[in-house]
Structure formats: C-alpha cells, structure tokens
Amino acid sequence: MAKELKELTPRSVDYSQWYQDLVLKADLAESSAVRGCMVIKPYGYAIWEKMQRVLDDMFKETGHVNAYFPLFIPKSFLSREADHVEGFAKECAVVTHYRLKTNPEGGVVVDPEARLEEELIVRPTSETIIWNTYKNWIQSYRDLPILCNQWANVVRWEMRTRLFLRTAEFLWQEGHTAHATREEAEEEAVRMLHVYERFARDYMAMPVVTGVKSANERFAGAVDTYTIEALMQDGKALQSGTSHFLGQNFAKAFDVTFASKEGNQEYVWATSWGVSTRLMGALIMSHSDDNGLVLPPKLAPYQVVIVPIYKGEEQLAAVSARVEEIVAGLKARGISVKYDDSDNKKPGWKFAEYELKGVPVRLALGARDLEQGTIEVARRDTLTKETIALDGVVDHVADLLDKIQSNIYQKALDYRTTHTITVDSYEEFKEKIELGGFILAHWDGTPETEERIKAETKATIRCIPLEGDKTPGVCMVTGKPSAQRVVFARAY
C-alpha cells in the first residue's frame, strides 16, 4: 500500500501535477498555514544546505564576505529610486502597527493606538536598506570596493504560487557590492554571472545559457541584468540566477559618494546578484523522472544508501559488520552514506523510497552476497543494477558517482540541444513556440515588438546571449535590422 501512495502522475499526463506530486511525496516541502508560503522539510532543506555551502565557498573565493541587514525597510526608502519602487510596489507586504491587545471577547486585535509613524516594508530585496547603510561606510576610495553578501529570506506577495518556483516568502542570497569605477562594477556583475553558471553546470549538472536581459525584462533599477536561463523538461525556460549592474542609480538615490584619488567627490558604482530556493525547482525539473527525484551526486543529501538483506539477527549482525567497513571506506573518500538497517520496512519498500528520493547509488548486501563475495549496485540515473566484487566496492562507487554526475549533465544538455531551434519568420516562430524549447530569432531591439510577441505567443525574450552566433540579420516581425539572434521561450 505504501508504494501505491507514492506513485506520481506521469510527466506526459500532467507535468505540473507531476512536479507537485514529487515535491510532496519526496518530502521536499509542503504548503503552510500562511497562504502562498511553504515549509521546507528536512530532506529538501538538506539539498538547499548543500547548495548554500558550495555557493558560499564560491563567493568567498572571489573575495566576498557575509553580512546581515534588517528585514524591515522604511517605506520612504523605496520611494527614492523610481524604477525600483515601480517594479516592486505591487508585491510589497507592509507593516503598519507594532502592538496587539487582548480582545474582551477573546483572542487579540491590532491596537489602533500603536500605528507606526512610518510604515515598514518587509524586504522584497535589500538594495535600498543596504545603500542607506553604505552611505555611512564609504567616504574615500580607500573604503572601496565593498563586497558583501547576505543569506536571508524575502517576501514578494505573489498571487499565484507554486512550491519552490514562486512563493510569497522564499530563501536566497543577495550580493551587494560598491566600486570606485564603472569598469570594476561591470566586471563584478559578469564575474558573479559566471560563478552562477559554473555552479549550475558543475554541481547542479544543469546547462544554462548566459546572457543580458532586454530592457523590458531587466531588474527594476538596474542598468543591465545578466541572467542564466535553463530549459526544463516541459520545454519551458526557468530564470535560475541574475546579476545586475546597477550603475550609480542607488548611489545617487541615497547620496553615496566618495573622495577619489584626485580629490573629487564621485558617486559609487554598484552591483547586486542573487539566486534563491527557485534553484530547488530547477534541480527537480531538470533531471527527475516518473519514478521520482534524480539528484546529481554533488548535491544529494546522501550519495549512497546501503540496504541489508537478512533473515534473523545473526545474518543482520554479519552483514552489518561488513557494511561498517564499507561505510568507513566511503566516508574516508568524502562520500556521504546512509546505512538503513531499520526493521520497520521491508527491503522492497526501502528500494522504492530511495528511488523516489533520488539517492544516486543504492547498495544491497545479504548473507548470500557475503558467501559469494559480491554486492548489488543500483544506479538511480539509469535505473540499472549490477553485481560486483565486494572487495572493490568503495573504488567502484567513487568512480560511479563521477560517472552519474557527468551522465546527468549530458542528458540535460542533449535535451536542450534537441529543443533549441533557429527560425527566421514570425509564422514559423508562432508554430514552433507551441512545441516548447528555446527559439533563436532576430528581434529589432524595440520594447514594442517584444510586447507584441509576448501578447500574441506568450513567449518572452529570455536573454540576449553573451556567446554564440553574433551574425546580424532582420527582425522576424518587423523586418528592421537586428544586431544578433536572441533566445525566446515560454517561461515559469
């Protein structure tokens, strides 16, 4: 019965329901009592922690340090940068009072006498509070650059939510840096874009396209927004990380200046960049199948699970003694391993459970295996099994995890390659966009043409690619000159 309860809606039947089933049944997250918010369960949070640990190390390798800034932002701060406030105004949660009082009829009510003099915004992003702070930190060119990151939660009051992909509250990191020159700031924004690209490729096993957002799609208050765009298995794009060159917009809004080497007062140049728990959704939708999660070994909470097959305590003791040696050998190689010798579930149930949860390698060892000097090895990515010599299992598993990481990436890359096409006419574009995937097409660079395409096809410009074919052409819609092809797709 337990196995039946864990069956997933097939992707081919209802991709959205498959995703929802998988998040819930693999114990990653669930909806909370607060509308639009989620509870990230221990197994899901363990994956996020691995992501966080790797990214944090990558940030520190590039010279960044962690800090923490307030959750609340005075409403007046958001008003200082016009594009920024316009971009976030409809998503802001507002705190108006600071006290409750007991209701004579029971429960509590908001104390009308405790209204705040100025309302506070629950941060949708932290540029304003941070640049107000940087004003106190920066006087001279000697104070620059400032390279800060914070791990935090943010609130954007979304009306239509989906676990991990779009929730009213989510977890993320946001880097905020200050520089003496435009060149330094632009280099920083591109550097962090490539950090995200490397993380997606080397750890998430997820190929991404790097590029610049169009004016319509860029971050509110940015001069340029750089992005990594991934393609999910349903042919929709997912923006998976962004890095923004903010120019001097926030420095001017908060009057953050510094004395240059020449003694002139100049405005500071800025960047911000971030990834969020949306990466969990990207990880799920990039690799998983109708049997459950498929996790890249580098991000799996445990990379190997060992299940004993036994009858009676004597056989279990013999198997456990040998497993202890295997566990020690795997841990010595830096491999995370779980030995599941619990007696409340049968081996078949455990196999199905760990398959659902995407554990990369499963080992099964029984009394007969001990006699024959063998062990069964199952791969989650290919759902194949083999029997190997027990003595060589540690080396075999270490090598296998590398192969699985590589294979998962290659499979995702092959999918993207076969679902990326080039079109020249708008008629062909409208036909092909129904099939999903990335479409490379010429666009005349105007917001009007971009809006028309979006209104008529629901496709958006995901990015203007940094690499690839730069051949000029003519816009597929208007016939006007186009500097290069851009990437279109329907997106989450």
Side-chain angles (χ1 to χ4, degrees), residues 52 55-74 77-81 83-85 87-88 91-92 121-156 170-196 199 213 218-228 241-258 266-278:
Q52 190 179 35
L55 282 165
D56 200 60
D57 287 345
M58 294 172 87
F59 299 156
K60 286 169 181 171
E61 286 167 8
T62 46
H64 300 83
V65 292
N66 287 333
Y68 187 80
F69 298 88
L71 173 68
F72 300 118
I73 299 171
F77 282 17
L78 280 178
S79 302
R80 295 193 192 180
E81 213 292 328
D83 290 337
H84 193 67
V85 67
F88 286 102
E91 299 177 348
C92 288
I121 309 302
V122 182
R123 64 174 167 232
T125 181
S126 298
E127 279 77 9
T128 55
I129 192 74
I130 287 175
W131 278 90
N132 182 72
T133 304
Y134 282 178
K135 179 177 174 59
N136 302 321
W137 293 5
I138 300 168
Q139 280 77 46
S140 161
Y141 70 91
R142 293 185 179 89
D143 299 321
L144 299 169
I146 293 175
L147 306 176
C148 275
N149 173 66
Q150 80 163 342
W151 292 94
N153 61 337
V154 293
V155 171
R156 297 180 184 176
F170 54 91
L171 304 182
W172 79 346
Q173 58 74 212
E174 48 180 321
H176 296 271
T177 70
H179 304 267
T181 69
R182 179 186 186 111
E183 291 73 25
E184 275 186 32
E186 288 182 323
E187 285 173 11
E188 166 77 4
V190 174
R191 178 186 302 112
M192 299 318 295
L193 175 77
H194 291 307
V195 167
Y196 292 150
F199 174 74
K213 287 288 189 183
R218 74 168 64 117
F219 177 74
V223 176
D224 278 315
T225 290
Y226 298 92
T227 181
I228 57 170
T242 49
S243 181
H244 315 290
F245 169 56
L246 301 176
Q248 296 173 310
N249 292 350
F250 287 91
K252 289 177 179 177
F254 289 87
D255 193 28
V256 185
T257 62
F258 69 102
E266 299 180 10
Y267 286 108
V268 178
W269 297 87
T271 79
S272 66
W273 30 272
V275 294
S276 74
T277 37
R278 170 175 268 223

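One is the number of the first residue; the rest follow in order along the sequence.
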For a 4.5 angstrom cut-off between non-hydrogen side-chain atoms, does [X] reach [Y]?
X	Y	value
Y267	F258	no
F245	R182	yes
V85	R80	no
W137	C148	yes
Q173	H64	no
V154	S276	no
E186	V223	no
S272	L246	yes

Working to the nearest 0.5 angstrom, can you tell me the gap between [X] [atom1] and [Y] [atom2]?
X	Y	atom1	atom2	value
S243	I228	OG	CD1	10.5 Å
R156	E91	CZ	CD	6.5 Å
W269	T181	CH2	OG1	8.5 Å
L71	I121	CG	CD1	11.5 Å
Y141	E266	OH	CD	12.0 Å
N66	L147	CG	CG	12.0 Å

Side-chain H-bond candidate by donor/acceptor type, [X] with [Y], under 3.5 Å:
X	Y	answer
T271	T177	yes
W273	N149	no
Q150	S126	yes

Backbone N/O of [Y] and side chain of [X]: donor-acceptor pair under 3.5 Å:
X	Y	answer
K135	D255	yes
Q248	A251	no
R123	N153	yes

At their closest point, which heavy atom of [X] faces which heavy atom of [Y], and how far apart are they?
X	Y	result
Q139	N136	NE2-O, 3.4 Å
H176	Y134	O-OH, 2.8 Å
G221	F250	O-CE1, 3.8 Å
G87	A220	CA-CB, 3.7 Å
P145	H179	CB-ND1, 3.8 Å

For the aromatic rings, using the six-membered ring if either is Trp, is the centroid distance between Y226 and F219 under 6.0 Å? no
With a 6.0 Å cut-off on ring centres, are F77 and F254 close enough? yes
Between D224 and R218, is the side-chain contact (heavy atoms from CB on, under 4.5 Å) condition met? List the steps. CA-CA 7 Å; D224 278 315; R218 74 168 64 117; 4.2 Å; yes
Going by side chain to side chain contact (heavy atoms under 4.5 Å, CB included), V275 matches just one of F199, W172, Y196. Which one?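 Of the listed residues F199, W172, Y196, the side chain to side chain contact (heavy atoms under 4.5 Å, CB included) partner of V275 is Y196.
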